[in-house]
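The next block holds one structure in the form of structure tokens; read it before the comments.
Lettering follows sequence order; numbering is per chain, from 1. All of these numbers come straight from a predicted model, not from anything done at the bench. Side chains included, hydrogens not; waters and symmetry mates left out as well; all remaining heavy atoms used.
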Amino acid sequence: MDAQEIIARRVARELRNGDLVNLGIGIPTLVANYVPAGLSVFFQSENGLIGTGPIPEQGLEHPLLTDAGGRPISALPGASTFDSAMSFGLIRGGHVDVTVLGGLQVDAHGLLANWMIPGKMVPGMGGAMDLVSGAKRVIVAMQHAAKGKSKIVAKCTLPLTSVRPVQLVVTDMAVIGFPDGKATLLEIAPGLSVGEVMAVTDAELAVSDDIPQMKI
Amino acid sequence: MDAQEIIARRVARELRNGDLVNLGIGIPTLVANYVPAGLSVFFQSENGLIGTGPIPEQGLEHPLLTDAGGRPISALPGASTFDSAMSFGLIRGGHVDVTVLGGLQVDAHGLLANWMIPGKMVPGMGGAMDLVSGAKRVIVAMQHAAKGKSKIVAKCTLPLTSVRPVQLVVTDMAVIGFPDGKATLLEIAPGLSVGEVMAVTDAELAVSDDIPQMKI
Amino acid sequence: MRAVSIEEAVAMIPAGASIMVGGFMGVGTPWRLLDELVRQRKAGLSIISNDAALPGKGVGKLFDAELVSRLTATHIGLNPKAQQQMLAKQIAVDLIPQGTFVERIRAGGCGLGGVLTPTGVGTLVAEGKRQIEVDGKPFLLETALRAQFALVHAFLADYLGNLSYALTARNFNPVMAMAADTVIVTAEHIVPVGVIAPDHVVTPAPLVDYLITNPSG
Amino acid sequence: MRAVSIEEAVAMIPAGASIMVGGFMGVGTPWRLLDELVRQRKAGLSIISNDAALPGKGVGKLFDAELVSRLTATHIGLNPKAQQQMLAKQIAVDLIPQGTFVERIRAGGCGLGGVLTPTGVGTLVAEGKRQIEVDGKPFLLETALRAQFALVHAFLADYLGNLSYALTARNFNPVMAMAADTVIVTAEHIVPVGVIAPDHVVTPAPLVDYLITNPSG
């Protein structure tokens, strides 16, 4: 199982029946593939759809039915479409139960930076800032480290996406939460020791005596 | 021709082809009966309809299709329905070309009072304040005087509906506009003299040498 | 979304609750829920509703039964009972312009703190409110409005909770369905999933908490 | 509403105009109008559009032809040409959160001076903006956005100008159709009055100034 699959499988276990879920691009998109059997959730695409379905069979794509990246998708029975004011009303208004987003950095207080690298990557924040400000639960799905550098940092050096902390970070190595506003190691990936995770984590993590293994 | 018909006929002549028009309750409602032949306008009902049609034949009423007073109406081909946020977006956003409203007082600067008599009538302003703040043109349709007292006053003594002046006042005796912010007699009803109109008008009116007769 | 009986749904609403009620002069009002509120005698209610309808009709029945202690509305002129109760200070009434009323509810449902409106500037409505200038033009700051419950009436509801509305019965229902902690819906027709086409859904299913089942028997 | 040819409609747009363009990554974009803007070489445009699409697609064609001098958008990451032109300071780019973008346009179309949003508080987005507290919670004041022209793409347009949209091609089109001095519409299908049921009209006819006729020949 590769790193991305570990992350996506673990995030999928956070979903509850009936949840309205918004998945960002990249690893978060994969979460839809691992929704536990018997669980029924609504996926929102912020370009104006609840009830996104899988990529349609070749030849059945419709040019007016795409995901937020402009790629063809399908819609499940019971889907609904709406304009962007409604779409972000749902997001900002707390109607989205869970959003799963990629991250560049998450810091010891749960603050996320995921939209800009000054001087390098300035693509615009799209819907990220609204999702982090408004969704009931924000889950960051990302690699634990990039090019050997921890993405779980003491304090974000990149511009913040929001001053509201995220609720959970799921990486290929660990699950980190923020009870009482403090980064806390909740689970570690199979085959890893707490020491190994700590060694590649820049932020200080609260650790209890008995850290369970990530459920994937 | 009674006073109400004179007023309604004259107001109807203010409408232009393609106008979106909102009619208040009372005399304004009658305007729809006198739209000049060949003229096509859209009537909005602020409870969520563009394209209001006449009262349906008995037995064809639908309980979910009413005017803002809750009375059955019909809808013309090409009608559209929408929620109240859209309805007042149209009104406040300047998309309504003409609104015709009743009045209690209009003053020498064109300010309107039409929603409250302290201690007596406190029903609420409904949509009136938004209509006067937002419609492109506000026309007040009312009797010139009530119980012998002029409704065209020097300064409103009743609470204002808006600090934005109205564009035109049409009464059973005269048409009054507000060029340069000053009440000006534009037309007088057939059979009346300027002196007779001035005698029952509390506000000072600018008067030119040659006042035409009201076109009705 | 859970389908529940009307008795069960209304039993969840405590006396003194704040409740948004859809409808405009009784049209598009969830009248079955109002009847049940009266039957269960839920008193001291804070009602947020465009108007007070008429005695014996829609929200008017709550005034007939004297269950309302606070009303936020735009117009109550056609319900003498509501007016009497207001003048007798039996109910506290907050009358606000209709465009402001709906934007405050929309703000509450869309996570906005409020909106700036030109409506009411310089009038009695401005009293006690912040006035904010943008590009030299004055606006009133009107803050978000929410409630514990929204009682919504749809035309069609599908088994998931997707809603569509008919004609002028849409009015305040869609914005209220976003602005309350718990959303309870009655519908003229309950239909299978797919009967409402995706482009015709006005209130998406995840907004609905409870759908009232058809009357039994 | 007047039905006009695409050449006539675009001829009305002066160089340097401010233009809202519907669509999300090219989906729901009035592409025929964009092609004609390029053909008539309208330069120095101020574009308000969710994104810059891709080179060769939708709004992207305006960047290919270097007709844009200012862009207000939420994301341009997938159009390297737009990014290059931004980094070379050939175009001034204002990047704003998508929920703020759409609310600013809606405010412009609905006569609101602005809205209070929690989005962006404490971030780079807050720079130069007023922060306003409501009930102790901080919000950014985001002001209304309007344009001289809105280019809107509908699915169905009837002879009066009533519009409906399909699937995810609705996106920004309905709000933009309210927020510009002149609204120009292309549609996948032009249909007789009545084909779009009243409850399915999303943009009422009086909002539309010009409907582009079907290509001749």
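- Using a 4.5 Å cut-off between heavy atoms, D/V195 makes no contact with chain B at all.
- Of the atoms belonging to B/L90, heavy atoms from both backbone and side chain fall under 4.5 Å from chain D.
- Counting heavy atoms of neighbouring residues, nucleotides and ligands inside a 6.0 Å radius, atom CG of B/L76 exceeds 12 of them.
- Closest heavy-atom contact between B/M86 and D/P204: CE-CD, 3.4 Å.
- The environment of D/R70 atom CZ is sparse: at most 12 non-hydrogen atoms of other residues, nucleotides or ligands sit within 6.0 angstrom.
- For a residue to count as touching a neighbouring chain, one of its non-hydrogen atoms must lie under 4.5 Å from one of that chain's; by this rule D/N162 touches chain B with the side chain only.
- Residues in residues 34-61 of chain B take part in no salt bridge (charged side-chain N to carboxylate O under 4.0 Å, His left out) pair, two or more places apart or across chains.
- Counting non-hydrogen atoms of neighbouring residues, nucleotides and ligands closer than 6.0 angstrom, the CG atom of D/D135 reaches no more than 12 such neighbours.
- At most 12 non-hydrogen atoms from other residues, nucleotides or ligands lie less than 6.0 angstrom from NZ of B/K155.
- Taking every heavy atom of both residues into account, D/M178 and B/G89 meet most closely at CE-C, 3.9 Å.
- Interatomic distance, B/S80 OG to D/L207 CG, rounded to the nearest 0.5 Å: 8.5 Å.
- The SG atom of D/C110 lies 11.0 Å from the CD1 atom of B/I91; values are rounded to the nearest 0.5 Å.
- Surrounding CD of B/E204 are at most 12 heavy atoms belonging to other residues, nucleotides or ligands under 6.0 Å away.
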